[in-house]
Amino acid sequence: MNKANQIYNLLYRSYGNIPCPLEYNTNFQLMIAVILSAQCTDKAVNKITPALFNNFPDAPSLAEAGLSEVENIIYPLGLYRMKAKNIILCAKELIKNYNSIIPDSISKLIKLPGIGRKSANVVISHAFNKPGFAVDTHVKRILNRTGVVDTKNPDRIEALIRKTISPEKLSNFSLLLIMHGRQCCKSQKPHCPKCIINNKCDFNKLNNLN
DNA sequence: ATCCCGAGGG
DNA sequence: CCCTCTGGAT
């Protein structure tokens, strides 16, 4: 078995099936929460989305929202001006082009303001149960350290993993790597000696940490 | 000081 | 490829 699948099995054994960390009631709210989650923790997003969705529960209400009011609500998340502008624009385009229904393909989703490839993969996997592989900073770091891939380009990483991991495992593989990245394979001080995949990892061998 | 489930623009 | 946008958590 190839290294990617070995790593999947080891991580799955200890973390299992990981649910979507973002809290939402509708696909629209999921998409907005995903946009807001850029460069901040899911916990921070979950803290402000109740207020946001109480005022603007759907595309029509958010499309008519005042920019400064939205900015005030999402302010703690950082990048708040860009995000406020993007989620309002996104709501407007959703109404105009998709009759307020979240599109179920990556190619359509990435055309919406604030939605890039990473976010599109998150949306299709949680909203439509389609195979999505979100390459975030953790996924990129672990797959490079272990030697599963040798590129920083997220599109290439996604393509490579889609070739080696079966579709039904893709979404959870991304979540498993994120979980392991936060708990163990940290950017600065990775806990290599106690890492459950250290015998599969080039980074660990290189640093001879166990 | 560094990182957080990035995206868009140059 | 690089830079900027952003504040909060650790």
Side-chain angles (χ1 to χ4, degrees), chain A residues 7-8 11 15-24 27 29-49 51-52 67-68 70-94 103 106-128 130-145 149-158 161-162 165 169-191:
Chain A
I7 288 174
Y8 175 88
L11 294 179
Y15 301 114
N17 286 109
I18 301 175
C20 177
L22 296 168
E23 292 163 11
Y24 61 96
N27 286 347
Q29 294 183 1
L30 166 66
M31 191 185 68
I32 298 303
V34 171
I35 295 175
L36 295 178
S37 72
Q39 292 297 103
C40 76
T41 60
D42 49 308
K43 208 174 285 184
V45 174
N46 291 336
K47 213 165 167 180
I48 66 94
T49 42
L52 184 67
L67 181 61
S68 57
V70 174
E71 284 181 348
N72 285 334
I73 298 173
I74 70 170
Y75 178 78
L77 304 182
L79 310 178
Y80 68 95
R81 278 189 282 249
M82 301 275 299
K83 288 177 182 175
K85 187 184 72 178
N86 280 337
I87 61 176
I88 293 172
L89 267 176
C90 189
K92 287 179 178 171
E93 286 202 20
L94 207 55
I106 291 177
S107 57
K108 287 179 182 172
L109 283 166
I110 57 179
K111 290 177 185 167
L112 294 168
I115 304 277
R117 190 151 188 105
K118 181 261 173 183
S119 297
N121 270 290
V122 175
V123 171
I124 63 158
S125 57
H126 293 122
F128 305 109
K130 287 190 171 183
F133 188 72
V135 180
D136 80 323
T137 174
H138 297 293
V139 174
K140 186 170 68 174
R141 182 176 65 252
I142 299 183
L143 292 180
N144 274 285
R145 278 181 175 171
V149 304
D150 185 22
T151 172
K152 307 291 183 190
N153 184 300
D155 292 2
R156 278 181 223 153
I157 296 173
E158 184 191 329
I161 296 304
R162 282 184 181 278
I165 298 285
K169 295 178 181 173
L170 277 176
S171 301
N172 198 46
F173 191 35
S174 178
L175 290 168
L176 287 169
L177 291 168
I178 292 164
M179 177 75 77
H180 191 61
R182 285 207 295 240
Q183 294 190 0
C184 182
C185 190
K186 300 180 181 184
S187 179
Q188 291 307 112
K189 291 180 183 175
H191 302 160

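Just the heavy atoms: all of them, side chains too, but no hydrogens, waters or symmetry mates, feed the values below. In what follows, chains are A, B, ... by sequence order, proteins preceding strands, each numbered from 1.
Between A:Glu93 and A:Pro113 there is a side-chain heavy-atom pair separated by less than 4.5 Å. Taking 4.5 Å as the limit, every side-chain heavy atom of A:Tyr80 sits out of range of all side-chain heavy atoms of A:Asn72. With a 4.5 Å cut-off on side-chain heavy atoms, A:Ile161 and A:Tyr8 do not count as touching.
Across C:dT6 and B:dG10, the matching P atoms stand 16 Å from one another, rounded to whole Å. Rounded to the nearest Å, the gap between the P atom of B:dG8 and that of C:dG8 is 24 Å. When the P atom is used for both C:dC5 and B:dC5, the distance is 22 Å, rounded to whole Å. Between B:dT2 and C:dC3, the distance separating the two P atoms is 16 Å to the nearest Å.
Following rounding to the nearest Å, A:Arg141 (CZ) and B:dG6 (C1') show an atom-to-atom distance of 15 Å. Between the CE atom of A:Met31 and the P atom of B:dG6 there is a distance of 17 Å, given to the nearest Å. Residue A:Asn46 contributes atom CG, which lies 15 Å from atom C1' of C:dG8 at whole-angstrom precision. Going from atom CD1 of A:Ile142 over to atom P of B:dC5 covers 12 Å, rounded to whole Å. The interatomic distance linking A:Leu77 (CG) with C:dG7 (P) rounds to 11 Å, in whole Å. Across the protein-nucleic acid pair, A:Lys140 atom NZ and B:dC4 atom C1' stand 13 Å apart, rounded to whole Å. Per the geometry, CD1 belonging to A:Ile48 stands 14 Å off P belonging to C:dA9, to the nearest Å. What separates NZ of A:Lys85 from P of B:dA7 is a distance of 15 Å, to the nearest Å.
Picking from B:dG6, B:dC5, B:dC4 the nucleotide with the shortest atom distance to the side chain of A:Cys40 gives B:dC4. Taking every side-chain heavy atom of A:Tyr80 into account, C:dG7 is the closest of B:dG6, C:dG7, C:dA9. In the set C:dC5, B:dC4, B:dC5, B:dC5 carries the atom at the smallest distance from any side-chain atom of A:Ser37. Distances were taken from every side-chain heavy atom of A:Asp136 (C-beta onward) to each of B:dC5, B:dA7, C:dG8; the shortest belongs to B:dC5.
In terms of phosphate contacts, A:Tyr75 brings a side-chain nitrogen or oxygen within less than 4.0 Å of OP1 or OP2 of C:dG7. Between A:Arg182 and B:dC5 there is a side-chain N or O to OP1 or OP2 distance below 4.0 Å. The side chain of A:Gln39 places an N or O atom within less than 4.0 Å of a non-bridging phosphate oxygen (OP1 or OP2) of B:dG6. Dashed line: the shortest gap from a side-chain N or O of A:Ser119 to OP1 or OP2 of B:dA7 is under 4.0 Å. In terms of phosphate contacts, A:Thr137 brings no side-chain nitrogen or oxygen within less than 4.0 Å of OP1 or OP2 of B:dC5. Remark: A:Arg81 is not in phosphate contact with B:dG8, judged by side-chain N or O atoms under 4.0 Å from OP1 or OP2.
Using a 4.0 Å heavy-atom distance criterion, A:Gly116 is classed as a sugar-phosphate-only contact. Residue contacts for A:Leu22: at a heavy-atom cut-off of 4.0 Å it reaches no nucleic acid atom on any strand shown. Using a 4.0 Å heavy-atom criterion, one finds that A:Pro113 contacts the sugar-phosphate atoms exclusively. A:Leu112 comes within 4.0 angstrom of sugar-phosphate atoms only, judged by non-hydrogen atoms across all strands, and of no base.
Between A:Gly181 and A:Asn86, the residue anchored closer to the 5' end of DNA chain B is A:Gly181, taking for each the nucleotide with the nearest heavy atom. For the pair A:His126 and A:Gly114, both in contact range of DNA chain B, the more 5′-proximal nearest nucleotide belongs to A:His126. Between A:Met82 and A:Lys43, it is A:Met82 whose nearest contact on DNA chain C lies nearer the 5' terminus.
The local environment of CG in A:Asp150 is sparse, with at most 12 non-hydrogen atoms from other residues, nucleotides or ligands closer than 6.0 Å.
The pair A:Arg81-A:Glu71 does not meet the salt-bridge criterion, since no charged nitrogen lies less than 4.0 angstrom from a carboxylate oxygen. A:Arg182 has a carboxylate O that lies under 4.0 Å from a charged side-chain N of A:Asp42, or vice versa, which qualifies the two as a salt bridge.
Nearest heavy atom pair, residue A:Lys186 against residue A:Lys189, reads CB-O, 4.1 Å.
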